[in-house]
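Hydrogens, waters and symmetry mates play no part in the numbers below; they use all other heavy atoms, side chains included. Both ligands and their constituent atoms are indexed starting at 1 by order of listing.
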Amino acid sequence: MSNNLMDKIVSLCKRRGFIFQSSEIYGGLGSVWDYGPLGVELKNNVKKAWWKSVVYQREDIVGLDAAILMHPKTWEASGHVSGFADLMVDCKKCKKRFKVEDLKDRKKCEECGGEFTEARPFNLMFETYHGPVKETAAVVYLRPETAQGIFVNFLNILNTSRKKLPFGVAQIGKVFRNEITPGNFTFRTREFEQMEIEYFVDPKEADKQYKFWVEERFDWYFKFGIKKTNL
Ligand SMILES: [Zn+2]
């Protein structure tokens, strides 16, 4: 999408009360957006329609609303602490930060021609402190995905919902990613909402279930012209 068209969409969304930039009167906070009076209704309608189709209209999926803050071990076990990172370089002159994968072998800063620092990983999880003491032991993360809240509650749900495999858990919630190169309006932001299902199956049935989900459940999408290769 051209920048010009995107600018028009952003300004239309603002004029009509759908989406405003966060903290706009203070100059705005980058890549964070507020949903206005019409935007919040639109978003709630989408969430309600999704919840109805995946939770209320199915026997095999239940809902969950897990907390944003989780035990830090969650993110060590999931690999996010060590792996949820992009390799970054800084320009030594203008201090701008770039993703290595975006450089495509460029050796100098495209803004000012400056030299780059060594590449190093930059973790995308927002950190904060749990409790009143600011110390390393108290570091927790704002979740970068909702899935982990589902995984850590798997046994609780299995023991209390009378579901047997295969079954799924659906969740809608805020997630946070400290994107280095955000942009393109609401398509890549630092705070956003996910709607997610984790579907649990007996490993012996994994292939069968996968085939079922890809080839039958998604028929509906294909009717709207979405190609299988895009899923
Ligand atoms: Zn530079």
Report the C-alpha separation of Q194 and T146 in whole Å, then their side-chain angles, then the decisive distance to 0.1 Å, and conclude whether the side-chain hydrogen bond (donor to acceptor under 3.5 Å, both in side chains) test is met. CA-CA 7 Å; Q194 278 186 337; T146 55; 3.3 Å; yes
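Judged purely by atom type and a 3.5 angstrom limit, R16 has no side-chain atom pairing as donor or acceptor with the backbone of G39. The backbone N or O of E179 lies less than 3.5 Å from a partner atom in the side chain of R190, making a donor-acceptor pair. Side chain of E196 to backbone of A147: a donor-acceptor contact under 3.5 angstrom is found.
Partner of E111 under the salt bridge (Lys or Arg N to Asp or Glu O under 4.0 Å) criterion, chosen from K96, K93, R97, K95: K96.
Residues R177 and F192 form a side-chain contact, since some pair of their non-hydrogen atoms from C-beta on lies under 4.5 Å apart.
Shown are the protein N/O/S atoms under 2.8 Å from the Zn ion (ligand 1), given by residue and atom: C91 SG, C94 SG, C109 SG, C112 SG.
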